[in-house]
Novice: 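Below are the structure tokens for one structure; questions will follow.
Below, chain A is the first sequence line, B the second, and so on; all start at residue 1.
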Number of protein chains: 2
Amino acid sequence: MPAERRTDDLGCENGGMATAEEFTPESERVMNTLRDEIIDGTRAPGSKLVEREIAAELGVSRLPVRDALRSLVSEGLVTPRPRTWAVVREFSQSDVSDLNEVRSALETLAFRLAAERRTRAGLAKLRADLDEQQAASERGDGGAARRKAADFHQTVTELADNALLSELDGILQSRLRWLLGQHDDLDVFAHEHEELYLAIEARDVQRVDELAAQHLATSRAKIAAHRRNAAGAE
Amino acid sequence: MPAERRTDDLGCENGGMATAEEFTPESERVMNTLRDEIIDGTRAPGSKLVEREIAAELGVSRLPVRDALRSLVSEGLVTPRPRTWAVVREFSQSDVSDLNEVRSALETLAFRLAAERRTRAGLAKLRADLDEQQAASERGDGGAARRKAADFHQTVTELADNALLSELDGILQSRLRWLLGQHDDLDVFAHEHEELYLAIEARDVQRVDELAAQHLATSRAKIAAHRRNAAGAE
DNA sequence: GCCGAATATTTGGTATCCCAAGTGTTAGGG
DNA sequence: CCCTAACACTTGGGATACCAAATATTCGGC
């Protein structure tokens, strides 16, 4: 059954991979701003998100802010409280393990499919992401390294050639970046990504599964450590 | 200063029955209406979804419709086209296989976790869902049977005790109900659910995995059949 | 110090207006 | 007769203003 794999990107308002021509609604800009502020900690978990305030800050009206807030809610970064202001989501321990369980299933699938369906062009893109990540990692640019690591994962889901998987993984990824915080284990992640890349290139599904499991474990440990830090600092 | 026309003298000309007991935003009502109309085929794939029209039809303003449409987009039932009207999503063959792949990973996880973490109370709820499904199935009430089957799946994700998984599965489930159409293999699904229930009750993870895989296969076949029908009828 | 009423806030919704960009139609040139 | 360019229309995105209802907060009484 030759599924006519069109690269018809299903639209979704998650910023990033929508690749709309040039048109970016104001609401999307607001959403990205807000997301960044949440992820980098400018807006702490539990803090109020008042439509009018945000609208005033960003110089737009309430509507784009409402839209952005709703999108962020469906992304799981914001908790809505009907009739009252929304708040930046606070992740409980069980939220974290929930995320880990789901992510485990989805990322394992992504890596496996990527190994099976990788193309030459896709592989090149993956290699490029990895090179940039490693370069950033070596020169100690944590921000860039983390960003490129995220790109690596994004590209893996593209290799998997499953739009739905990409979409879901994107949502999970934004929560993840947040939960991971500004970690500094740059080289560990770079190394694991390198091995993953090799296994995908070799189409070694078995090894990809193993490496994915280990990568997940590393990530889980890092999240736990970050949360302990955050709890301790408080 | 434009002559501000006070249009507040009209109380509530539409509806009238303002049952204000529980909090359900208008936008949610609109979303549910629209979703039902999409799933049951009232609104065909590809048909236009014009905000102003829908607003007029349902007797609400454009905003709740906009909100609903956005939610439906993130649910994957609607395709937005920047600057133009949105359309009811058309699923390509690759969309279907994408969905099946992801669903496979997620539902397998859900069934497994449900088997591991089932509680007495949860099991009772699952049994109740199943009884109702079987009753509806036997008296030939397809609509009720399908609805109860969906409840069964919902309850399974609740047993799995993973809110994120529930959320994701819910989204997938709505696409699925749509793709499955008004199938009439009531007894097959009822039977498979029965076996799944038994395995979950017995905490037999191994068997749950097997049954889940088979259930997925049945579902895939049904979707394929439905799509062939739809394609043929056209 | 604790509880309850008055007050302040804030969202969800409605009603208009406006604009830019895409759509559909029509008229004109080859 | 067909192709294309101009035009009017449609549509979503945004802004502003206002209202109702529910929730927070504050302040006063006990």
Novice: Only pairs at least two apart or in different chains count here, so list each ring pair (Phe, Tyr, Trp, His ring centres under 6.0 Å) that has a residue in residues 154-178 of chain B.
Specialist: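 Passing the test, one end in residues 154-178 of chain B: B:F91-B:W178.
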
Novice: With A:V78, which residues qualify under side-chain contact (heavy atoms from CB on, under 4.5 Å), at least two apart?
Specialist: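 Partners of A:V78 by the side-chain contact (heavy atoms from CB on, under 4.5 Å) criterion, ordered by chain and then number, come out as A:I38, A:L49, A:L72, A:V73, A:A86.
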
Novice: Just distance, no hydrogens or angles: give the donor-acceptor pairs under 3.5 Å from side chains in residues 54-64 of chain A, sequence neighbours left out.
Specialist:
{"residue": "A:E57", "atom": "OE1", "partner": "A:R43", "partner atom": "NH2", "Å": "3.0"}
{"residue": "A:R62", "atom": "NE", "partner": "A:E51", "partner atom": "OE1", "Å": "3.1"}
{"residue": "A:R62", "atom": "NH2", "partner": "A:E51", "partner atom": "OE1", "Å": "3.2"}

Novice: Can you measure A:E53 atom CD to C:dT9 atom P for me and round it to whole angstrom units?
Specialist: 11 Å

Novice: I'd like to check the side-chain contact (heavy atoms from CB on, under 4.5 Å) partners of B:R147; sequence neighbours left out, ordered by chain and number.
Specialist: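 With neighbours one apart ignored, the set is B:A144.
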
Novice: List for me each residue that meets side-chain hydrogen bond (donor to acceptor under 3.5 Å, both in side chains) alongside A:T42, sequence neighbours excluded, and say none if there are none.
Specialist: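 Listed in chain order: A:D40.
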
Novice: Does C:dT23 have OP1 or OP2 sitting under 4.0 Å from an N or O in the side chain of B:K48?
Specialist: no

Novice: Write down the protein N/O and nucleotide N/O pairs, taken from nucleotides 12-15 of chain D, whose separation is under 3.5 Å; answer none if there are no such pairs.
Specialist:
{"residue": "D:dG12", "atom": "OP1", "partner": "B:L49", "partner atom": "O", "Å": "3.3"}
{"residue": "D:dG12", "atom": "OP1", "partner": "B:E51", "partner atom": "N", "Å": "3.1"}
{"residue": "D:dG12", "atom": "OP2", "partner": "B:E51", "partner atom": "N", "Å": "3.3"}
{"residue": "D:dG12", "atom": "N7", "partner": "B:R52", "partner atom": "NH1", "Å": "2.8"}
{"residue": "D:dG12", "atom": "O6", "partner": "B:R52", "partner atom": "NH2", "Å": "3.4"}
{"residue": "D:dG13", "atom": "OP2", "partner": "B:E51", "partner atom": "OE2", "Å": "3.4"}
{"residue": "D:dG13", "atom": "N7", "partner": "B:R62", "partner atom": "NH2", "Å": "3.0"}
{"residue": "D:dG13", "atom": "O6", "partner": "B:R62", "partner atom": "NH1", "Å": "3.4"}
{"residue": "D:dG14", "atom": "OP1", "partner": "A:E26", "partner atom": "N", "Å": "2.4"}
{"residue": "D:dG14", "atom": "OP1", "partner": "A:S27", "partner atom": "N", "Å": "3.0"}
{"residue": "D:dA15", "atom": "OP2", "partner": "A:S61", "partner atom": "N", "Å": "2.9"}
{"residue": "D:dA15", "atom": "OP2", "partner": "A:S61", "partner atom": "OG", "Å": "2.5"}
{"residue": "D:dA15", "atom": "O5'", "partner": "A:S61", "partner atom": "OG", "Å": "3.4"}

